[in-house]
Protein chains: 2
Amino acid sequence: MSMAEETAGTEASPWGEVTPDAARRLLLAAVEAFAERGYHATTTRDIAGRAGMSPAALYIHYKTKEELLHRISRIGHEKALDILRTAARAEGSPAERLAEAVSSFVRWHAGGRTTARVVQYELDSLGPEARAEILALRRQVDAEVRGIIEEGVASGEFDVPDVQGTTLAVLSLCIDVARWFNVDGPRTPEEVGALYADLVLRMVGAGEPSGTAQR
Amino acid sequence: MSMAEETAGTEASPWGEVTPDAARRLLLAAVEAFAERGYHATTTRDIAGRAGMSPAALYIHYKTKEELLHRISRIGHEKALDILRTAARAEGSPAERLAEAVSSFVRWHAGGRTTARVVQYELDSLGPEARAEILALRRQVDAEVRGIIEEGVASGEFDVPDVQGTTLAVLSLCIDVARWFNVDGPRTPEEVGALYADLVLRMVGAGEPSGTAQR
DNA sequence: GATCGCGCTAAGCGCTCGCTCACCCATCCC
DNA sequence: GGGATGGGTGAGCGAGCGCTTAGCGCGATC
């Protein structure tokens with residue numbers, strides 16, 4: 001059980017960059033509230049209440065409720081992109097890097113489901129210019145995964161008729177984890193990550209014949 | 001181009017059972033509005049306006065705004081379940097039935113993205129007892145897919161270490177189509193359905209060596 | 001030790017929400 | 001033709017929304 005724990009478990013880690021302390025507490029409260037009820041069903045009074053402050057305190061640190069969502073979304077997407085970049089640029093074969101990319105990306109979505117839910121599903125609640133900024137980050141996410149798959153195809157290691165379609169499917173699989181994963185469920189983020197990495201290797205035609213995943 | 005069109009293309013078909021006519025128009029308007037902006041961001045005035053009626057008209061046919069979502073969600077889940085059941089109980093090998101189940105399920109999510117979005121992503125906006133009813137339908141959806149996979153494993157046609165996990169992944173892949181599919185994008189629902197059926201067969205270890213999907 | 005500035009609160013503004021109510025007007029039965 | 005019925009409207013209620021403003025407490029500064 002001495003696995004990497006940079007992304008799994010506690011979700012507080014990525015928000016260390018947010019200062020001052022009150023602003024971070026408000027952001028964390030907003031993440032929880034948005035994940036539970038959705039952006040539009042969350043009130044500024046609810047966010048401030050969770051952070052132990054009065055409703056007006058929110059507007060000292062953030063101009064609007066939407067700015068909170070924007071900040072959460074940008075930081076979350078940057079973290080997701082960072083996870084994929086690290087895996088994509090590591091040493092190893094395309095299959096090894098794709099497996100590591102998928103398993104770490106899935107671990108992030110499962111372990112930090114609260115954050116991932118907001119990041120992946122509340123995009124439409126942003127205004128046009130904020131959404132455009134986030135969509136640019138999403139295209140970079142897509143490009144990282146596509147890059148690994150293209151390398152595997154070029155080296156003959158993968159057998160993929162439709163690279164862009166398969167890229168979409170791989171990301172789809174990972175992202176949807178944030179929708180269904182249940183912390184109280186029977187699976188740990190690590191187990192889901194390992195299972196999904198195996199399934200993705202099969203999708204690109206690089207799966208081991210059998211027996212890598214247990215259960 | 002003489003393909004089955006029962007689920008693709010126009011989305012108006014499944015709502016034929018809703019009467020009277022004004023109630024159906026309101027329901028259709030609600031589906032559009034919920035899909036575009038989400039349940040909580042949609043106002044009853046918006047729904048009534050899209051249906052060409054006054055805000056008060058809504059309450060002649062529906063007790064609350066939530067009842068609209070409940071009706072949409074139940075009808076949608078029943079349709080989804082029906083699609084999967086038809087594929088699961090058709091003749092053919094497990095691989096053929098799984099491919100048909102995935103491709104028709106994906107076609108429904110892509111072609112009827114408006115409806116599918118509401119059905120798959122607005123579940124949390126329902127109250128406790130309505131949500132419980134829908135969750136029971138979801139368990140039946142899961143059971144249909146799991147059933148096909150179990151048959152393929154039993155016959156030795158599939159190689160699946162984790163049946164429940166793979167079932168989850170297959171459904172995940174299909175459902176997420178409703179999140180990203182764009183009607184104006186480069187792919188038709190039929191193309192995505194064929195691609196995803198191929199990918200799923202690879203996931204269960206029953207994929208053809210290569211060359212089934214084009215592009 | 002008075003002054004200042006910053007983080008925060010109490011109160012509340014203007015607005016829009018889900019929903020209701022009194023009433024209208026075709027259609028239909030007798 | 002008179003009255004009942006049922007789908008529809010215009011106006012508006014109470015509540016809760018996002019956000020603002022006036023002022024308070026308190027540590028840092030000189």
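Labels below follow one simple rule: chain letters A, B, ... track the order of the sequence lines, proteins then strands, and each chain is numbered from 1. Hydrogens, waters and symmetry mates are skipped; everything else that's a heavy atom, side chains included, is used.
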What's the separation between atom CG in A:Leu135 and atom CG in A:Leu123, rounded to the nearest 0.5 Å?
5.5 Å
Has A:His77 got a side-chain atom pairing as donor or acceptor with A:Ser73's backbone, closer than 3.5 angstrom?
yes
I'd like to know if the side chain of A:Arg25 and the backbone of A:Ala51 have a donor-acceptor N/O pair within less than 3.5 Å.
yes
Could you state the atom-to-atom distance from CG of B:Leu58 to C1' of C:dG18 in whole Å?
10 Å
First and last nucleotide of DNA chain D touching chain B, 5' to 3', heavy-atom cut-off 4.0 Å?
D:dG8 to D:dG12
Rounded to the nearest Å, what distance is computed from the CG atom of residue B:Asp46 to the C1' atom of nucleotide C:dC17?
13 Å
For C:dC19 and B:Thr44 - does any side-chain N or O of the residue sit under 4.0 Å from the phosphate oxygens OP1/OP2?
no
Output yes when a side-chain donor or acceptor of B:Glu150 lies under 3.5 Å from a complementary backbone atom of B:Val163, and no otherwise.
no
Main chain of B:Ala130, side chain of B:Glu133: is a donor-acceptor contact present, judged purely on distance under 3.5 Å?
no
So B:Arg138 and B:Gln120, side chain to side chain donor-acceptor pair (under 3.5 Å) or not? Walk me through it.
CA-CA 10 Å; B:Arg138 291 215 174 187; B:Gln120 300 294 1; 3.2 Å; yes
Would you please classify the geometry between the B:His109 ring and the B:Phe105 ring as parallel, tilted or perpendicular, with 30° and 60° separating the classes?
perpendicular
Which residue in the set A:Val102, A:Leu84, A:Val200 passes side-chain contact (heavy atoms from CB on, under 4.5 Å) when paired with A:Cys174?
A:Val102
5' to 3', nucleotides 9-15 of chain C under a 4.0 Å protein heavy-atom cut-off (B base, S sugar-phosphate only, - none) gives BB-B---
Most 5' of B:Ala23 and A:Thr64 on DNA chain D, judged by nearest nucleotide
B:Ala23
